[in-house]
Number of protein chains: 2
Amino acid sequence: MLEFAILGFLYDEPLHGYDLRKRLAALTGHVRPIADGTLYPMIKRLETAGLLTRDLQPGQIAAPRHMLSLTPAGRAELLRRLREPDELFITDENRWFALLAFLRHLESHTEQAAVLRRRLGFLAQPASFFWDGDRPLRAADFDDPFRRGLFTIATATTRTELRWLRDTLADLEAPGAPKSAAGDVTT
Amino acid sequence: MLEFAILGFLYDEPLHGYDLRKRLAALTGHVRPIADGTLYPMIKRLETAGLLTRDLQPGQIAAPRHMLSLTPAGRAELLRRLREPDELFITDENRWFALLAFLRHLESHTEQAAVLRRRLGFLAQPASFFWDGDRPLRAADFDDPFRRGLFTIATATTRTELRWLRDTLADLEAPGAPKSAAGDVTT
DNA sequence: CCTGAATACATCGGAGGCAAGGTATCACGA
DNA sequence: TCGTGATACCTTGCCTCCGATGTATTCAGG
């Protein structure tokens, strides 16, 4: 997850660790901030694996910075993960959001569409938070307002995302259409 | 998280591990299924901590079952966690959903409302996935449809939840009998 | 009668991530 | 001049949880 997001941010431009940390905090951190003790060892691991390189720069404001850039292997690795995301990246909302944040890096519309289709497949299948044997329970089955809220929110989210997925897929799979029209779903 | 959900399910009725596993899978698992290697050690830990007891029953269908029930300490612990949830339970959607699933166990409407207010406070504060320095970037700042989708979905979700939070808070804090489902709390 | 599937519990190794605690540099105000 | 706060990087120890694997039991189908 983190590893993926690091590759995603660095795909655009070289960054130093501190900057990376702030971007990661914005992307996933409003929900779950990442810790120093997570980030720096991860950078080291990626470096050891040959996915990024470090370039020491004299401090601009304070301490010296390590500018991080992806190696060709690193760039290839991001693309691979975008093309063939683990199932968790399709089903877990946080990871899925991270995936969406960088999906534009995949150049082929066909490949982008294939990823969206996987998410569509996941969202389209019936699901429930609670079951009575084989019968999925729905909002109306509950007295308490909190479980009802759970369903209300989940249903609304799913509906919005399904609409967006269908619209965007239509755009991506249109014969010659440019892709800029898909954003207008803000209702 | 898992620990919390186990306490929540057992608060209602004694269950055996396998049943618990299925319920946990439905609650959190459509997103991220839990593994055996997580559940059983966790049960053991909770038992050691004196929060639940085991009652061995001869197998109904197959192997013998360990019926699990909360001790008074276990019940108290769930209520404590509902009353004073860690910050992560307020900000992380998965955990927040788990919290909502069991919030009815808190008997006082005032205490329930206090928890919802914390979530309201979190959702009401401005947030963005991406920043340009101090300026939060919005959907219109992006060309690519995927980042736009990110905003579309997140905004819709937040809006739905805020509406629900405000409605439910109004019900909970109304002086007389709360309307709709919120009133069915058998104190 | 045998096999496979579902039920039911358990252990082990390891990865990912966090909190707490460092080390330094620079700017600014008191 | 001294402290504070922001910038910037790093290490250690811990905990949660996962994946793989193992052990029984029961029932249905061939």
Side-chain angles (χ1 to χ4, degrees), chain A residues 1-7 14-25 27-29 31-49 52-68 81 86-89 91-92 94-95 98 133-134, chain B residues 1-7 14-25 27-29 31-49 52-68 81 86-89 91-92 94-95 98 133-134:
Chain A
M1 163 75 200
L2 231 206
E3 221 175 86
F4 172 81
I6 293 175
L7 294 175
L15 296 169
H16 52 98
Y18 200 74
D19 196 352
L20 201 47
R21 199 160 80 87
K22 281 191 293 185
R23 292 185 196 227
L24 290 167
L27 182 60
T28 68
V31 152
R32 183 189 249 281
I34 61 118
D36 265 17
T38 307
L39 178 62
Y40 290 107
M42 183 75 76
I43 289 173
K44 194 159 275 180
R45 243 176 294 158
L46 289 172
E47 194 187 12
T48 310
L52 60 81
T53 53
R54 248 172 237 256
D55 184 20
L56 198 85
Q57 291 197 326
Q60 313 261 74
I61 304 176
R65 296 168 162 182
H66 298 220
M67 284 308 270
L68 309 169
R81 294 193 194 197
D86 286 352
E87 192 58 17
L88 257 187
F89 276 81
T91 60
D92 182 288
N94 294 329
R95 284 166 206 253
D134 279 343
Chain B
M1 163 75 201
L2 232 207
E3 223 174 85
F4 172 81
I6 292 175
L7 294 176
L15 296 168
H16 52 97
Y18 199 74
D19 196 351
L20 201 47
R21 198 160 81 87
K22 281 191 294 186
R23 292 185 196 227
L24 290 167
L27 182 60
T28 68
V31 152
R32 182 189 251 279
I34 60 116
D36 265 18
T38 308
L39 178 61
Y40 289 107
M42 182 74 77
I43 289 174
K44 195 159 275 182
R45 243 177 295 155
L46 290 172
E47 195 188 10
T48 309
L52 60 79
T53 52
R54 247 173 238 258
D55 183 20
L56 199 85
Q57 291 196 329
Q60 315 261 74
I61 304 175
R65 295 168 162 182
H66 297 218
M67 283 309 269
L68 309 169
R81 293 194 194 197
D86 286 352
E87 192 59 17
L88 257 186
F89 276 81
T91 59
D92 182 288
N94 294 330
R95 283 165 207 253
D134 279 343

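Labels below follow one simple rule: chain letters A, B, ... track the order of the sequence lines, proteins then strands, and each chain is numbered from 1.
The separation between Y18(B) atom OH and dA10(C) atom P is 15 Å, rounded to whole Å. Here dA24(D) presents its P atom at 16 Å from CG of L56(B), a figure rounded to the nearest Å. The interatomic distance linking D19(A) (CG) with dA6(D) (C1') rounds to 14 Å, in whole Å. When rounded to the nearest whole Å, the span between OH of Y40(B) and C1' of dT7(C) equals 9 Å.
Residues passing the side-chain hydrogen bond (donor to acceptor under 3.5 Å, both in side chains) test with R95(A), sequence neighbours excluded: none.
For the pair R45(B) and dC15(D), the criterion of a side-chain N or O lying under 4.0 Å from OP1 or OP2 is not met. For dC10(D), the OP1/OP2 oxygens have a side-chain nitrogen or oxygen of R54(A) closer than 4.0 Å. Between K44(B) and dC9(C) there is no side-chain N or O to OP1 or OP2 distance below 4.0 Å.
Counting only heavy atoms from C-beta on, H16(A) has its side chain closest to dC9(D) among dA10(C), dC9(D), dA6(C). Here dT16(D) is the nucleotide among dC9(D), dT16(D), dA8(C) with the atom lying nearest to any side-chain atom of E3(B). Here the side chain of H66(B) is nearest to one of dA10(C), dT7(D), dG17(C), namely dA10(C).
When each of H66(A), R65(A), R23(A), K22(A) is checked for a side-chain contact (heavy atoms from CB on, under 4.5 Å) with L15(A), only R23(A) meets the rule.
Note that NE2 of H16(A) and CG of L68(A) are 9.0 Å apart. Values are rounded to the nearest 0.5 Å.
Nearest-nucleotide assignment on DNA chain C puts the 5′-proximal partner with K22(B), out of I43(B) and K22(B).
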Detail all sub-3.5 Å separations between protein N/O atoms and N/O atoms belonging to nucleotides 18-20 of chain D.
unit_1: dC18(D); atom_1: OP1; unit_2: P33(B); atom_2: O; d: 3.3
unit_1: dC18(D); atom_1: OP2; unit_2: A35(B); atom_2: N; d: 3.4
unit_1: dC18(D); atom_1: OP2; unit_2: T38(B); atom_2: OG1; d: 2.5
unit_1: dC18(D); atom_1: N4; unit_2: G37(B); atom_2: O; d: 3.2

Let's go through T28(A) and I34(A) carefully: what are the C-alpha distance in whole Å and the side-chain angles of both, what is the deciding distance for side chain to side chain contact (heavy atoms under 4.5 Å, CB included) to 0.1 Å, and is it a yes or a no? CA-CA 8 Å; T28(A) 68; I34(A) 61 118; 4.2 Å; yes
Exercise answer: donor-acceptor pairs, residues 38-45 of chain A side-chain atoms, under 3.5 Å, sequence neighbours excluded:
none

